[in-house]
Amino acid sequence: MSADLPDVRQTRLDNYVDRYAARTKGMTASEIRALFSVASRPEVVSLAGGMPNIGGLPLDVVGSAVRDLVVDHGATAMQYGSGQGDPTLRDQICDVMRLEGIDAHPDDVVVTVGSQQAVDLVTRVFCDPGDVVICEAPSYVGALGVFRAYQCEVVHVAMDDDGVVPEALEQAIATVRAAGKRIKFFYTIPNFHNPAGVSLSSERRGRVLEICQRNDLLVLEDNPYGLLGFDGEPRRALRADDREGVIYLGSFSKTFAPGFRVGWAVAPHAVREKLVLAQESATLCPPVFSQLAISSYLTRHDWMGQVKQFREMYRERRDAMLAALTEKMPAATTWTKPDGGFYVWLTLPDGLDAKAMLPRAVTARVAYVPGTAFFSDGFGSQCMRLSYCHPTPERITEGVARLAAVINEELELRQTFGPLTPGAGHDYDAPGPELS
């Protein structure tokens, strides 16, 4: 090599770039994780991360249960366990799911390291590179990361205030199959959607199941927020009406605590066996200590009473956010009105770009997640996800006020210089925000 030219190998930031598997090209840091270092500063009001407010937990009860677990059952709790999960906890999970109409046997349940790992295991079992996964538009960023890592093609379908639009789902299935591509499953968050904040209506649930059954399409139902509705009883799960065509995912991260990392999947028998094998190859077994700690908590504490307290706490925060948005946001800004869960999906006035606006917002000491994080195809630039689960109502009110000021400044700049990103809108009709 000429002495005048630098050795390319010496200037690389990653000397292993030529050795990675092709699927690593789909592994990128999520926009949410990139925000954590900034959003965690005390002077910043973070409306970004979806961290549950575990300050509402009875930590004395949890501490006592963990202490007794170590003293009385430490030798078991700190040992290897079953790849399918602890039998007692699986039985308790069936009791939890019964609240949503699911009649399952403990043998149907596979305990996972959070429901995030369940998404990963299902995708690993079903998907080859180039296979299609149909998702709502927008969709959960963690699931999109998994699908990208396994080299799947994501096809989005529109949502509105009643959830995924059945006609759009049917059209997407027909279009993909007409192109000769294989669809492996439809991934959906039917209750208190992350990030859209909407729920699939009762009438549409039957229609969506009928479409998927008629097209022999598996449904992957991700339901971490199902017990956190603010009005009425928990909604009936899709799995409750289709045992063979739906894989159901649940989690204790939102109704107990995310640090224990315990979730689960309920699947048809043959699929369950594959998930157990995939689990064993990934982790040998889910953490036994976490499982037994949660099992002890469910046994010794009024966990349903605790969930009701969580609902009221999150309802108060939701109300604070909606009231602040109504009072502070400029005209032509729209947002969804969630009746459960953690999130509001906000759409900016035409011509504004949430991702381009983020540095200005952080400078103004407020953080959110740009909508592009929740699409696989670059759409969503006019939207953002706002989370109300963690900040106090007072902090939420202050954060929305700061955000509104930033949006007004952006509108003034647009009026002076024109739109920063012409055509920043998206082609989807969703998630159908309501003007508040």
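Side-chain atoms are counted along with the backbone in the values below, which use heavy atoms only and exclude waters and symmetry mates. Here, residue 1 is the first one in the sequence, and each next residue gets the next number.
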(Q) Exactly one of T334, D353, I407 should register a side-chain contact (heavy atoms from CB on, under 4.5 Å) with L348. Which one does? (A) I407
Q | Among V198, L169, V164, the one residue meeting side-chain contact (heavy atoms from CB on, under 4.5 Å) with E136 | A | V164
Q. For Q92, what residues pass the side chain to side chain contact (heavy atoms under 4.5 Å, CB included) criterion, not counting sequence neighbours?
A. T88, L89, S295, L298, T299
(Q) Can you confirm whether more than 12 heavy atoms, excluding those of D231, are under 6.0 Å from its CG atom? (A) yes
**Q.** Between Q279 and T112: side-chain donor-acceptor atoms closer than 3.5 Å
**A.** no
(Q) Side chains of V307 and F256, heavy atoms from C-beta outward: is any pair under 4.5 Å? (A) no
Q: Report, as yes or no, whether the 6.0 Å neighbourhood of atom CZ on R67 holds more than 12 heavy atoms from other residues, nucleotides or ligands.
A: no
Q: Answer whether the closest heavy-atom distance between the side chains of R207 and E170 falls below 4.5 Å.
A: no
Q.
Counting only heavy atoms not in L57 (residues, nucleotides, ligands), do more than 12 fall under 6.0 Å from its CG?
A. yes
Q | Sequence neighbours excluded, every pair satisfying ring-ring contact (aromatic ring centres under 6.0 Å, His included) that has a member inside residues 304-330 | A | Y314-F342
Q.
For a 4.5 angstrom cut-off between non-hydrogen side-chain atoms, does F186 reach L220?
A. no
Q | Carboxylate-amine/guanidinium contact K308 E312, below 4.0 Å | A | no
(Q) I'd like to know if R124 and D120 make a salt bridge, using a cut-off of under 4.0 Å between side-chain N and carboxylate O. (A) yes
**Q.** Distance-minimising heavy-atom pair for V109 and Q84
**A.** O-NE2, 2.9 Å
Q.
Any heavy-atom pair between the side chains of R317 and T392 that's under 4.5 Å?
A. yes
Q | Minimum side-chain heavy-atom gap I54-P258 below 4.5 Å | A | yes
Q. Quick one: do D160 and R204 make a salt bridge, cutoff under 4.0 Å?
A. yes
Q. Does some side-chain heavy atom of M97 sit less than 4.5 Å from a side-chain heavy atom of D103?
A. no
Q | Non-neighbouring partners of E233 that pass side chain to side chain contact (heavy atoms under 4.5 Å, CB included), sequence neighbours left out | A | none
Q. Would you call E316-R311 a salt bridge at under 4.0 Å N-O?
A. no
**Q.** Residue among Y388, F192, F374, W335 satisfying ring-ring contact (aromatic ring centres under 6.0 Å, His included) with W345
**A.** F374
Q: State which residues pass side chain to side chain contact (heavy atoms under 4.5 Å, CB included) with D302; sequence neighbours excluded, sorted by chain then number.
A: M304
(Q) One thing to verify: whether D339 and R318 come together as a salt bridge, which I'm taking to mean a side-chain N less than 4.0 angstrom from a carboxylate O. (A) no
Q. So, D241 and R236, do they make that salt bridge, N to O below 4.0 Å?
A. yes
Q: With sequence neighbours excluded, tell me which residues meet salt bridge (Lys or Arg N to Asp or Glu O under 4.0 Å) with R402.
A: E398
Q.
Tell me if the aromatic rings of H193 and Y343 count as close, with their centers under 6.0 Å from one another.
A. no
Q. Using 4.0 Å as the upper bound for N to carboxylate O, is an ion pair formed by R414 and E410?
A. no
**Q.** Y187 ring center within less than 6.0 Å of F147 ring center
**A.** yes
Q. Can you find a pair of side-chain heavy atoms, one from E280 and one from L277, that are under 4.5 Å apart?
A. yes
Result block: side-chain N/O donor-acceptor pairs under 3.5 angstrom for residues 244-253, not counting sequence neighbours:
residue: Y248; atom: OH; partner: E100; partner atom: OE1; Å: 2.5
residue: Y248; atom: OH; partner: N223; partner atom: ND2; Å: 3.0
residue: S251; atom: OG; partner: S253; partner atom: N; Å: 2.9
residue: S251; atom: OG; partner: S253; partner atom: OG; Å: 3.2
residue: S253; atom: OG; partner: R261; partner atom: NH1; Å: 3.1

